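Encoded as structure tokens, the structure appears first; notes follow it.
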Amino acid sequence: MKFAYKFSNLFGSVYHRGNLLFTPDGNSVISPVGNRISVFDLRNNKTSTLPVESRFNFTALDLSPDGCILIAVNEEGEAHLISLISGTTVHKYRFKRKVRCVRFSPDGKHFAACKENNVFVFKSPGPATGEFNPFIMERVFHGAFDDTTCLDWSSDSKILAVGSKDMCTKLYSLQKFANFRGVTLGSHSDAIRAVFFEKNSLDLITVARNGHLCIWESSIEPADLEPWEPFKKKVKEAANSDSEDDIPQITVDKTSKESKESKSDEEMDVDQDGSHQVQKLTYKRLARHYLNDLVRADRSATLTSASYHAETHVLVTGFSCGSFFLHEMPNVTLIHSLSISDQVIASVALNAPGDWIALGCSGLGQLLVWEWQSETYVMKQQGHANNMTCLAYSSDGQYVVTGGGDGKVKLWNTSSGFCFVTFHEHTAAVTGVQFSHNRKFVVTSSLDGTVRAFDMTRYRNFRTLTSPRPVQFTCVALDRSGDFIAAGGQDVFEIYLWSIKLGRLLEILSGHEGPVSSIAFSPSPTSTAMASVSWDKTLRLWNAIESGSAHDTVSLPADGLFVTYRPDGEEVAVATLDAQVSFFNAKTGDQKSCIEGRNDLGSGRSDTDLVTAKQTLKGKAFNSLCYSADGENILAGGQSKNVCIYNVKESMLVKKFEITQNRSFDAVDDFVNRRNMTEFGNLALVEEREEAEGGNVALKLPGVRSGDMASRNVKPEVRVFSLQFSPTGQAWSAVTTEGLLVYSLDMGLVFDPFMLELGVTPESTRKTLKDCDYAKALMMAVKMNEQDLIREVVETIPVASVELTVSSMPPVYQVRALKFVAASLESTRHIDFYLQWSTFLLNSLSPGLLRDRGSTTYTQLLPVLLTLQKALTRKHEELGKICDFNKYTLRYLQKLGELRKDVNPTKQVNSEGEEDDDSSEMDDEELMLMG
């Protein structure tokens with residue numbers, strides 16, 4: 001098994017903070033999710049996360065007009081210039097202070113950034129400017145007296161309007177104009193939230209935090225701006241001039257104040273030729289409106305975000321009470337209003353056509369796309385309010401179910417990345433989730449004392465299982481047949497066994513002397529064995545269906561945290577509190593090996609830790625384990641930012657993944673920043689408050705990880721709560737503080753030959769293929785294991801020769817070829833061709849191979865079959881939608897033809913023998929109305 005896993009997607013977290021963006025085509029939403037950026041394709045119903053990671057959370061984004069360059073600035077002022085074509089960071093620039101807003105000019109040649117009371121204007125790299133050196137500063141404006149908050153460009157990219165906390169809006173120009181000088185607009189009594197230019201005009205709209213809206217009319221149009229040229233002084237001619245005309249020189253008393261004023265007025269009002277006067281740019285306030293009057297429910301609500309669509313003159317404003325309003329400008333006519341929640345709407349955005357509104361709520365982690373004309377949701381996604389706690393894959397790897405501390409259970413589609421079902425029945429944190437093997441239902445456990453089963457067909461809670469006395473359940477397990485459910489208690493040290501069909505409690509298994517932390521059923525179809533671990537430092541092996549409460553007890557070196565079975569059911573892995581992973585024989589209970597993983601976990605020192613990272617490491621441990629599909633390796637994660645993959649046989653670390661670099665979380669760095677170390681100690685340990693608020697506050701209680709809610713700043717600690725391999729073996733997922741991280745194999749970038757020989761090269765493979773020796777050519781391509789070469793060979797082989805080619809190959813190569821066909825089915829257009837390959841490959845596999853579960857080939861074949869099942873299910877759903885659409889379209893056309901035949905059986909002829917055109921036009925109008 002290879003471990004070239006790369007970060008591929010982020011589920012469960014759709015919006016954190018910052019501004020939302022639409023792509024220029026209006027079909028995708030770009031959302032900042034912590035220190036990553038997600039793109040939601042609304043047309044194709046798919047989400048993707050850029051492979052770009054910052055050291056802190058992103059807070060300000062903007063996209064170039066051509067949609068190729070994205071500028072993202074994090075909360076520490078580090079700007080990333082990201083190419084959306086390659087998905088990589090091209091350049092980084094440090095502003096060294098917080099940047100509140102960044103905007104590209106409409107012509108794409110410049111972009112401006114608001115930092116403190118300054119506005120920085122840079123040249124934009126790309127073909128529009130001919131500059132490819134990023135972040136070339138062109139102008140800096142210092143006019144504001146407080147922090148700048150927002151900005152907007154005029155449609156001709158010549159004038160820049162900047163709003164700030166000093167309740168004023170200032171206008172700047174990139175070049176000097178004869179009839180423009182800096183303009184300052186007031187009339188507000190609170191900080192400016194947004195400023196907008198009208199299209200092809202210098203008219204302005206300014207919106208303040210208290211909901212006051214002002215409309216400003218400019219005295220000139222953008223075309224009336226005239227470039228400034230320096231005043232040309234007349235040069236006095238020499239005495240020996242050859243000029244025939246003697247022009248008398250006009251003497252001006254330069255000491256006279258009146259002459260200076262008249263001269264300045266002349267320079268501003270009259271051009272060089274003196275032919276006509278130049279009109280200055282001035283502004284007049286046309287109207288002032290109070291948008292807060294619309295929020296009747298909460299008078300203390302403030303305006304938090306705004307966006308304007310200049311083409312349709314539609315203004316959308318969001319408020320802190322969760323309501324947003326649409327107004328038509330310049331009359332400020334209310335078009336539409338809606339309240340989506342009781343949380344702050346942190347960001348709003350309008351797409352290019354102006355019919356979709358994107359709304360982001362940072363408090364709920366919610367992202368909505370609302371079509372205001374039809375009043376329908378285009379997209380409605382929300383992550384877990386609290387941390388995710390557990391996850392489980394479906395048997396084919398197509399779905400992932402997650403449980404959270406908010407009591408919700410969510411189902412995610414791994415292909416699209418969207419959540420499509422949310423269950424709200426639990427009233428406390430969800431502690432465990434399990435998918436049934438037949439993918440028909442999901443089982444969950446919770447601290448509310450219930451175990452629930454949810455139907456995957458009707459999406460409803462069809463079983464609620466409880467214990468005779470209230471118990472907080474910490475874990476749940478489901479046997480391979482899907483008939484029995486087991487759950488372990490936290491406050492009552494017992495295991496409860498139910499029948500899913502009868503909904504009845506079958507057995508109460510006693511024996512543990514501490515909280516049951518994890519239980520697992522054997523994955524073997526013929527076995528009903530079960531293993532459990534507890535804080536009483538024991539591993540207990542049960543067979544409750546056959547022998548009741550009888551069990552074998554195995555002593556552990558420390559408290560047990562997690563237990564899992566190997567895919568063949570012959571081995572058990574246990575994670576303990578001393579950061580060890582121990583392996584036991586599932587039948588005899590004998591220990592086979594042990595892995596010491598404390599040094600691999602990594603320490604990470606919190607800002608408020610009083611001990612060093614080396615001492616903190618002694619309290620770290622793995623709390624989640626998962627075997628790979630072949631059972632040779634195990635995935636382990638716990639109370640740190642590292643996820644480790646170990647080889648079970650060699651007890652050796654194979655690869656270590658660092659899941660985040662986000663310094664907005666706690667315990668990411670191993671050392672305290674030296675800038676925070678003073679003569680009084682660590683500054684993070686000092687919390688300053690006013691005397692009326694209690695003065696200096698003591699440190700949080702030892703062991704608290706979620707953060708003290710009474711403190712002014714809460715930094716969550718990074719950790720891995722649960723992880724699991726996909727049954728297909730092509731990906732693994734981890735539930736972390738950030739969300740659900742998915743790491744998948746990118747086979748196109750990895751050279752992984754299989755039984756490679758000296759004479760096997762791409763040239764020799766193509767030559768063999770040209771000689772029509774198809775079986776040998778395919779085996780040579782499989783040995784090279786290059787995806788493009790295998791695709792070339794497979795698609796070159798004629799359909800009539802596929803069966804003979806497949807039957808001539810050994811079973812090992814047949815499994816490899818089936819693996820390629822299964823992976824290609826998800827994206828190929830040659831569906832029937834690859835289906836025939838799949839049929840011949842499955843028919844050629846010997847039945848004895850499928851029955852020999854202990855063979856190496858069988859362990860390799862099982863994830864391949866799951867991948868094939870996932871691809872076929874996905875293609876079946878896609879083709880089903882297309883066929884349904886075509887079926888209804890054909891019915892419509894057939895009915896329309898019948899109506900046309902009935903309405904116009906023969907053409908009407910008038911008395912003069914000519915065809916009546918009016919009747920035919922009337923018939924066409926009637927058919928259009930009926931259509």
Side-chain angles (χ1 to χ4, degrees), residues 10-21 29-38 40 42 47 49 57-59 61 75 295 297-298 300-307 316-325 337-349 356-372 376-389 391 401-412 417-430 662 664-665 706-707 709 713-716 721 735-740:
L10 172 63
F11 299 164
S13 185
V14 291
Y15 176 74
H16 187 263
R17 59 181 294 195
N19 58 307
L20 299 170
L21 298 174
V29 179
I30 300 176
S31 171
V33 185
N35 66 333
R36 300 182 186 272
I37 298 173
S38 294
F40 298 91
L42 304 178
T47 178
T49 304
N57 292 334
F58 287 118
T59 56
L61 305 178
E75 59 191 12
V295 188
D298 188 3
S300 63
T302 58
L303 190 144
T304 55
S305 55
S307 182
V316 55
T317 53
F319 288 83
S320 60
C321 61
S323 301
F324 71 93
F325 301 91
S337 64
L338 184 69
S339 179
I340 58 174
S341 67
D342 57 353
Q343 297 291 326
V344 177
I345 298 179
S347 178
V348 295
W356 289 353
I357 304 172
L359 303 152
C361 298
S362 58
L364 295 174
Q366 190 177 42
L367 178 61
L368 309 174
V369 179
W370 175 260
E371 187 173 2
W372 62 271
T376 56
Y377 283 110
V378 179
M379 184 187 77
K380 186 178 181 181
Q381 292 289 304
Q382 180 180 343
H384 290 276
N386 295 333
N387 285 330
M388 290 185 181
T389 55
L391 87 154
V401 58
T402 59
D406 55 356
K408 295 180 181 178
V409 178
K410 290 180 175 287
L411 286 165
W412 307 85
F418 284 107
C419 171
F420 59 95
V421 176
T422 301
F423 300 109
H424 306 268
E425 280 76 9
H426 284 296
T427 58
V430 179
N662 192 357
S664 297
F665 291 132
S706 60
M709 294 306 165
N713 296 315
V714 177
K715 289 180 68 175
F721 297 98
V735 168
T736 68
T737 314
E738 285 186 301
L740 178 61

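Worth saying up front: this structure is predicted, and the values here are computed from it rather than measured.
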**Request:** Report the residues that fulfil side-chain hydrogen bond (donor to acceptor under 3.5 Å, both in side chains) with T402, sequence neighbours left out, ordered by chain and then residue number.
**Result:** H384, W412

**Fill in**
Those residues at least two apart in sequence (or on a different chain) that pass side-chain hydrogen bond (donor to acceptor under 3.5 Å, both in side chains) with N387 are none

Give, for atom [atom1] of [X] and atom [atom2] of [Y], the distance between the pair rounded to the nearest 0.5 Å.
| X | Y | atom1 | atom2 | answer |
| --- | --- | --- | --- | --- |
| L364 | Q343 | CG | CD | 4.5 Å |
| S38 | Y15 | OG | OH | 13.0 Å |
| C361 | L368 | SG | CG | 6.0 Å |
| I37 | L10 | CD1 | CG | 12.0 Å |
| F40 | Q381 | CZ | CD | 7.0 Å |
| M379 | L359 | CE | CG | 10.0 Å |

Kindly give the heavy-atom pair with the smallest separation between [X] and [Y], and that separation in Å.
| X | Y | result |
| --- | --- | --- |
| E738 | S13 | O-CB, 3.5 Å |
| A301 | V295 | CB-CG1, 3.9 Å |
| K408 | V430 | O-CG2, 3.9 Å |
| T317 | A306 | CG2-CB, 4.1 Å |
| P32 | L61 | CD-CD1, 3.7 Å |
| S305 | V348 | OG-CG1, 3.6 Å |

**Test side chain to side chain contact (heavy atoms under 4.5 Å, CB included) applied to A428 - qualifying residues, sequence neighbours left out** = S446, L447, D448

**Request:** Please list, chain by chain and in numerical order, all residues satisfying side chain to side chain contact (heavy atoms under 4.5 Å, CB included) with S300, sequence neighbours excluded.
**Result:** D298

**Asked** Do the non-hydrogen side-chain atoms of V29 and W356 ever get within less than 4.5 Å of each other?
**Response** no

**Prompt:** So do N662 and T737 actually touch side chain to side chain, heavy atoms under 4.5 Å?
**Reply:** no

**ring-ring contact (aromatic ring centres under 6.0 Å, His included) partners for F721, two or more places apart** = none

**Request:** Could you list the residues that satisfy ring-ring contact (aromatic ring centres under 6.0 Å, His included) with F58, not counting sequence neighbours?
**Result:** H80

**Message:** side-chain contact (heavy atoms from CB on, under 4.5 Å) for F324 and F319? Distances and angles first, verdict last.
**Reply:** CA-CA 6 Å; F324 71 93; F319 288 83; over 6 Å; no

Has [X] got a side-chain atom pairing as donor or acceptor with [Y]'s backbone, closer than 3.5 angstrom?
| X | Y | value |
| --- | --- | --- |
| S347 | L20 | yes |
| S341 | G322 | no |
| S664 | N57 | yes |

**Request:** Any chance you could lay out the side-chain contact (heavy atoms from CB on, under 4.5 Å) test for V735 and T389, step after step, and finish with the verdict?
**Result:** CA-CA 7 Å; V735 168; T389 55; 6.0 Å; no

**Message:** If you apply the rule side-chain contact (heavy atoms from CB on, under 4.5 Å), what do you find for T49 with F11, and how did you get there?
**Reply:** CA-CA 9 Å; T49 304; F11 299 164; over 6 Å; no

